[in-house]
Structures are given as C-alpha cells and as structure tokens.
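Worksheet: the structure to be examined is printed underneath.
Both counts, for ligands and for their atoms, begin at 1 and track the order of listing.
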Amino acid sequence: MTYEIVKIQNVVKQYDKKTRALDNLNLSIKKGEWTSIMGPSGSGKTTLLNIIGCLDSPTNGKVIINGRETTGLKHNELTRFRRENIGLIFQQYHLIPYLTAVENVMMAQYFHSMVDEKDAIEALKRVGLGHRLEHVPMHLSGGEQQRVCIARALINDPKILLADEPTGNLDQKNGEIILELIRELHHEGHTIIVVTHNPEIGDMGQKKVLLVDGKISFKNNNYGG
Ligand SMILES: Nc1ncnc2c1ncn2[C@@H]1O[C@H](COP(=O)(O)OP(=O)(O)O)[C@@H](O)[C@H]1O
Ligand SMILES: [Mg+2]
C-alpha cells in the first residue's frame, strides 16, 4: 500500500534575521515515489533535503517521516531514526581519505555506528565495487568514490534515499552509472529524492518540485510513463 512517507507541513527555516531559507513550505511524497527537487542556487534545496534527512530541524512547522513526527525528537533519537530510515548521497562524497572503501562503508559516519565488514562488502558488491574493496579514495575514480558513498547510504536498507546533486562532480559516463544505480534502487521500492540542476535528471522523477526563494513555485506529477 502506498502512503505519504514524507509530510512537510508549514515548514519555515530561518537561519538569521535576513535569511529565511524555507518559507512556509508544504510537500508530501508517496512511498516509492521518485521526486526531483530543482531551483536556482540559494533557493533552499539543500536546506529542505537536510530537514527531510534529519540532519537539521526547522524553525517552525511539522515534519513527518514514515509516520513519525521528527520535529521535537532529541538529538540521539533523531540520529537513530536517521540510521533506520534515511540514506544520504552527497555531491562531495565525504569519504575519509586514509580509509579503504570497506572501512569507509563500515564507518558510515553519519550514523555514528560501526557496520559489519560482511555487510560493508556486500553493499560495495551491490554497487559494482567488489574489486575495489581495499582501495583508498585517492585510488578510486570520482564515479567509484560516489559508488562507495551510495554503498554507505545503503547500509541498514533505508526506505528513503536522499541525493544532493549526486552527479554534480562526475563526467557523463560515470554520471550515467550512478543514475542507473539510483534507477535500480527506485525499482526495488526505495523512495528517492534527488536535488539537481540538470533538467534531464529532473525529468527522471515522477514528481518535480521547483523551489524559488524557499517556496514551491511549481509542482508537477508525471505518472504517464
Ligand atoms: N548554515 C547556514 N547559515 C546561514 N544561512 C544559510 C545556511 N545554510 C544555507 N543558508 C542560506 O539559506 C539559503 C538557502 O540555502 P540552500 O538551502 O543551501 O540553497 P540551495 O541548496 O538551493 O542552493 C541561502 O540564502 C543560503 O545562503
Ligand atoms: Mg544546495
């Protein structure tokens, strides 16, 4: 059964007196849906992703993720909730330079927990990096580093995968490998939210959201094909 796995209600994020990054935002996302978030630089895309991903809290409003109101959770509760529900994929891969691919996945530093080596190896195989387990980031291509990041995001099999410009630092060929991987994860039933500047990547979403000045200026459902 599909249900709304992400519900954002009247969310405001005020960084300082002058900067209102999100301005009374409302957004619902169905389980299993692929949503693209687009908009000019500074429009609040990363702020919105961070709030959905439980990395940041809104100044005002309500956030309900997978039936749980996350606004009001204490820091350690939020961390545990994130570990169990959210996978994060960044434009900058945030890998630790002196650790191997396996160790980087084991660290899963955003979850503050150690992961089994067996699970880490399995996740790396899943993204086609079974032959790069012992490589440090410096000896991996950009595309491979991003795949390590995706492997790390897949630990704990999160229902929701969030990606902020996942192909922003990659050439076309490596970008396509990453998008193919995201497509597979979508087919497996993950809910996918991708922030992108690239209109072609935006079109891959079943739903497109355009942010301008912290407000949704356009929403489009595309269940045609
Ligand atoms: N930690 C922060 N402190 C103060 N202002 C911030 C912070 N993070 C983002 N902003 C501001 O909030 C607005 C939205 O930023 P952001 O969400 O990063 O936009 P986008 O990802 O769409 O480029 C911008 O004006 C940005 O300068
Ligand atoms: Mg951003």
Side-chain angles (χ1 to χ4, degrees), residues 6-29 33-65 70-75 78-79 82 85-95 109-110 112 142-143 145-150 152-153 158 160-172 174-175 178-179 181-182 191-220:
V6 174
K7 282 195 256 183
I8 306 279
Q9 296 171 347
N10 305 315
V11 159
V12 173
K13 180 68 184 184
Q14 189 91 31
Y15 282 114
D16 51 52
K17 263 192 185 151
K18 279 189 288 185
T19 319
R20 179 168 279 216
L22 297 177
D23 190 4
N24 230 345
L25 195 109
N26 288 284
L27 177 65
S28 290
I29 292 172
E33 196 168 55
W34 179 332
T35 302
S36 305
I37 298 178
M38 309 191 68
S41 185
S43 58
K45 303 181 298 295
T46 296
T47 302
L48 177 59
L49 215 60
N50 287 346
I51 286 177
I52 296 172
C54 304
L55 293 166
D56 202 355
S57 321
T59 313
N60 238 312
K62 216 177 194 183
V63 179
I64 300 165
I65 310 285
T70 58
T71 26
L73 286 184
K74 292 196 193 76
H75 181 76
L78 206 57
T79 302
R82 180 167 70 235
N85 292 278
I86 310 277
L88 298 161
I89 303 166
F90 302 95
Q91 177 174 6
Q92 283 87 16
Y93 320 120
H94 298 304
L95 298 174
Q109 75 263 40
Y110 297 97
H112 308 283
Q145 290 184 53
Q146 185 60 301
R147 281 191 271 164
V148 174
C149 181
I150 294 176
R152 187 181 57 194
I160 305 173
L161 278 173
L162 306 178
D164 199 349
E165 295 277 0
T167 63
N169 286 336
L170 299 176
D171 59 39
Q172 177 138 2
N174 279 297
I178 297 302
L179 290 168
L181 208 48
I182 293 176
T191 305
I192 310 277
I193 305 177
V194 179
V195 165
T196 182
H197 278 111
N198 183 324
E200 282 175 38
I201 299 175
D203 283 343
M204 293 174 184
Q206 295 160 309
K207 174 145 108 185
K208 245 191 290 188
V209 172
L210 178 64
L211 274 187
V212 177
D213 292 335
K215 292 190 182 80
I216 292 180
S217 91
F218 181 73
K219 217 181 322 185
N220 165 37

Is Gly39 in contact with ligand 1, taking contact as a heavy-atom separation below 4.0 Å?
no

For Thr47, atoms of ligand 1 separated by under 4.0 Å from a heavy atom
15 (O), 16 (P), 17 (O)

Does ligand 1 come near enough to Thr46 that some N or O of the ligand is less than 3.5 Å from an N or O of the residue?
yes

Please check if a non-hydrogen protein atom sits closer than 4.0 Å to atom 22 (O) of ligand 1.
yes

Suppose I only count heavy atoms of Thr19 and a 4.0 Å limit; which atoms of ligand 1 are within that range?
11 (C), 12 (O), 25 (O)

Which residues satisfy the salt bridge (charged side-chain N to carboxylate O under 4.0 Å, His left out) test with Asp56, sequence neighbours excluded?
Lys13

Assess whether atom CG of Asp213 is packed by more than 12 heavy atoms of other residues, nucleotides or ligands within 6.0 Å.
no

Interatomic spacing from CD1 in Ile178 to OG1 in Thr167 - rounded to 0.5 Å:
8.5 Å

Give a yes or no answer on whether the side chain of Asn50 reaches the backbone of Leu55 with a donor-acceptor pair at less than 3.5 Å.
no

If you measure from CD1 on Ile52 to OG1 on Thr47, what distance do you get to the nearest 0.5 Å?
11.0 Å

Top protein contact for atom 9 (C) of ligand 1, by heavy-atom distance:
Tyr15 CE1, 3.3 Å

So which protein heavy atom does atom 24 (C) of ligand 1 come closest to, and at what separation?
Gly42 O, 3.8 Å

Residue, atom name and distance, where the atom is the protein heavy atom closest to atom 19 (O) of ligand 1
Gly44 N, 3.2 Å

Any idea how many protein N, O or S atoms are nearer than 2.8 Å to the Mg ion (ligand 2)?
1

Closest non-hydrogen atom pair between Ala21 and Tyr15, with its separation
CB-CE1, 3.4 Å

Within the 4.5 Å heavy-atom criterion, are Gln91 and Asp164 side-chain neighbours or not?
no

Quick check for you: to the nearest 0.5 Å, what is the distance between Glu165 atom CD and Gln92 atom CD?
10.0 Å

Scan the protein's non-hydrogen atoms and note whether one is under 4.0 Å from atom 26 (C) of ligand 1.
no

Just jot down the ligand 1 atoms closer than 4.0 angstrom to any heavy atom of Ala21, in number order.
12 (O), 13 (C), 14 (C)

Heavy-atom nearest pair, Pro58 first then Thr71, reads CG-CG2, 3.4 Å

Quick one: NZ on Lys208 to NZ on Lys219, what's the gap to the nearest 0.5 Å?
14.5 Å

In ligand 1, which numbered atoms sit nearer than 4.0 Å to a non-hydrogen atom of Pro40?
22 (O)

Are the side chain of Thr19 and the backbone of Asp16 linked by a donor-acceptor contact shorter than 3.5 Å?
no

